Participant: 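To start, I am sharing the structure in question, which I have written as structure tokens.
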Amino acid sequence: MSKQILILPGDYIGPEIVTEARRVLDWVNKRYILDLKFVDGLLGGAAIDACGNPCPEETLNAARQSEAILLGAVGGPSWDDVDRHIRPERGLLQLRSELELFGNLRPALLYPQLAEASSLKAEIVSGLDILIVRELTGGIYFGEPRGIRTLENGEREGFNTYVYKESEIERIGHLAFELARKRGGRLCSVDKSNVLEVTVLWREIMTDMSAQYPDVELSHMYVDNAAMQLVMAPKQFDVLVTGNMFGDILSDAAAMLTGSIGMLPSASLDQNGRGMYEPCHGSAPDIAGEGKANPLATILSVAMMMRYTLACPQAADAIEAAVSRTLDQGLRTPDIVTAGSNSVSTSQMGDGVVAALEALADQ
Ligand code: NAD
């Protein structure tokens with residue numbers, strides 16, 4: 001029976017990068033006889049423009065019927081003035097929450113060809129291969145009450161609630177321990193338990209759970225130290241697990257270690273391994289429509305889809321090998337251009353990856 005994949009291009013550079021990733025999806029679909037059926041949908045600003053809702057019911061229904069979702073990115077200045085309850089990013093948060101996509105996997109892997117594009121010295125980042133596991137449907141981004149209220153003296157006050165239930169911490173903990181077990185066997189749990197009670201509980205639960213994973217070495221680190229260590233000695237890490245907001249920030253910092261945020265894919269998984277796949281970056285309004293966007297993070301997100309939801313590791317390996325070959329050939333979008341390499345457009349980078357897939361398949 002065919003499996004449905006929902007395609008949500010989103011806003012600004014979203015459609016440009018998804019077009020290239022879709023070519024790769026089409027290629028692996030044929031090559032590995034995956035019998036995938038594609039459905040297009042609207043999310044974010046594009047959905048607000050079409051029907052006034054950043055996450056329309058049609059999109060939610062299509063998402064529930066899909067095995068996996070490929071998303072570009074949402075948001076941008078066109079929707080800065082809309083009511084904050086219907087902002088594009090709210091649509092994305094709603095989709096993640098409705099589908100219970102609690103586990104966000106953000107690998108930060110440095111392709112050796114891009115060591116020079118990193119903001120850190122090559123010896124600090126060469127060989128970097130870390131995985132940030134971020135809790136995605138809880139914590140301060142979803143906690144209630146939230147809002148902006150006016151106090152009795154007329155001053156306004158903004159407030160959010162940072163809350164995690166035991167079950168939410170255990171769920172992300174199991175995912176992270178399992179992933180660490182399949183990688184280097186080391187898990188660092190990041191919290192702020194010297195200040196925030198919610199993360200005192202987080203640390204306690206992670207510590208208790210480690211008894212079930214004797215083959216995984218668990219350590220703990222405060223988030224401020226983790227931010228410092230990530231830019232000072234990032235190779236000390238294997239897998240990091242943390243809450244929603246800390247994970248959001250740390251994974252962007254990790255992005256720069258790899259040369260560009262345009263290189264970083266992500267997966268957001270539910271309890272059954274179904275998931276949404278998207279680049280870690282946003283909709284990059286500053287370069288939209290100029291053919292400058294790097295499509296590799298989105299293409300590598302397709303590789304993650306093959307590995308984590310569609311159980312086709314051969315396709316994942318093929319895509320990753322094709323990306324590496326494309327970089328070997330010196331193709332670079334402007335964000336990763338270094339001395340001696342060719343600056344190419346978004347679609348030329350996509351051409352390069354598809355040509356590399358063909359070439360590697362013929363070998
Ligand atoms: P951004 O990630 O869109 O851009 C940050 C910088 O990185 C910009 O200079 C941009 O040009 C560059 N960049 C990003 N992706 C790139 C790519 N593929 N190739 C080359 N360069 C790339 O972050 P921002 O500017 O803070 O946010 C822009 C909009 O995106 C905002 O509305 C924000 O809310 C939204 N956003 C959406 C998501 C998402 O959809 N998951 C994530 C983050 C931000």
Side-chain angles (χ1 to χ4, degrees), residues 7-21 41-49 54-55 59 69-82 84 86-97 99 101 104-106 114 117 119 132 134 136-137 141 244-245 247-268 275-302 304 323 326-327 331-338 343-350 353:
I7 310 280
L8 300 172
D11 308 317
Y12 288 98
I13 64 165
E16 300 171 49
I17 52 180
V18 165
T19 298
E20 301 313 315
L42 294 173
L43 186 76
I48 296 173
D49 289 349
C55 186
T59 299
I69 302 168
L70 178 68
L71 169 68
V74 298
S78 300
W79 303 281
D80 273 355
D81 296 331
V82 301
R84 72 190 149 83
I86 57 154
R87 283 183 67 86
E89 295 79 359
R90 277 295 178 103
L92 179 55
L93 293 183
Q94 189 188 345
L95 190 57
R96 287 172 178 165
S97 160
L99 300 179
L101 302 173
N104 187 212
L105 277 48
R106 295 185 164 209
L114 297 183
S119 49
I132 298 182
R134 164 189 172 198
L136 200 59
T137 51
Y141 288 3
N244 207 340
M245 181 168 63
D248 190 4
I249 298 166
L250 291 181
S251 58
D252 270 22
M256 276 326 290
L257 307 178
T258 68
S260 166
I261 198 162
M263 292 299 299
L264 282 195
S266 79
S268 305
M276 179 151 76
Y277 295 84
E278 55 177 313
C280 285
H281 58 73
S283 61
D286 53 330
I287 54 167
E290 296 179 21
K292 289 183 179 167
N294 185 345
L296 293 181
T298 321
I299 289 172
L300 290 166
S301 301
V302 173
M304 292 187 83
V323 166
T326 309
L327 294 173
L331 271 64
R332 303 279 190 276
T333 40
D335 55 308
I336 48 173
V337 82
T338 48
S343 181
V344 298
S345 68
T346 308
S347 62
Q348 286 169 325
M349 190 60 117
V353 175

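Since we're looking at a predicted model, the values are computed, not measured. The first residue in the sequence is number 1, and the count goes up from there. Just follow the structure's listing: the first ligand is 1, and inside any ligand the first atom is 1.
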Participant: Check salt bridge (charged side-chain N to carboxylate O under 4.0 Å, His left out) between Glu16 and all other residues, then give those that pass, not counting sequence neighbours.
Facilitator: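 Glu16 satisfies salt bridge (charged side-chain N to carboxylate O under 4.0 Å, His left out) with no other residue.
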Participant: With a 3.5 Å cut-off and sequence neighbours excluded, list the donor-acceptor pairs that the side chains of residues 75-82 form with protein atoms.
Facilitator:
from	atom 1	to	atom 2	distance (Å)
Ser78	OG	Tyr12	OH	2.5
Trp79	NE1	Gly45	O	3.4
Trp79	NE1	Asp49	OD1	2.9

Participant: Do Arg134 side-chain atoms and Asn244 backbone N/O form a donor-acceptor pair below 3.5 Å?
Facilitator: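 Such a contact is found between Arg134 side chain and Asn244 backbone.
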Participant: Restricting to pairs with a member in residues 288-298, which pass side chain to side chain donor-acceptor pair (under 3.5 Å), not counting sequence neighbours?
Facilitator: Glu290-Lys292, Asn294-Thr333, Asn294-Asp335
Participant: So, do Leu92 and Arg96 sit near enough that their side-chain heavy atoms are less than 4.5 Å apart?
Facilitator: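 Leu92 reaches Arg96 side chain to side chain.
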Participant: Protein residues near ligand 1, heavy-atom distance below 4.0 Å?
Facilitator: Ile13, Ala73, Val74, Gly75, Gly76, Glu89, Leu92, Ile261, Gly262, Glu278, His281, Gly282, Ser283, Ala284, Pro285, Asp286, Ile287, Ala293, Asn294, Asp335
Participant: Looking only at heavy atoms, which two atoms of Pro334 and Ser343 are closest? And how far apart?
Facilitator: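 So the two residues come closest at CG-OG, 3.8 Å.
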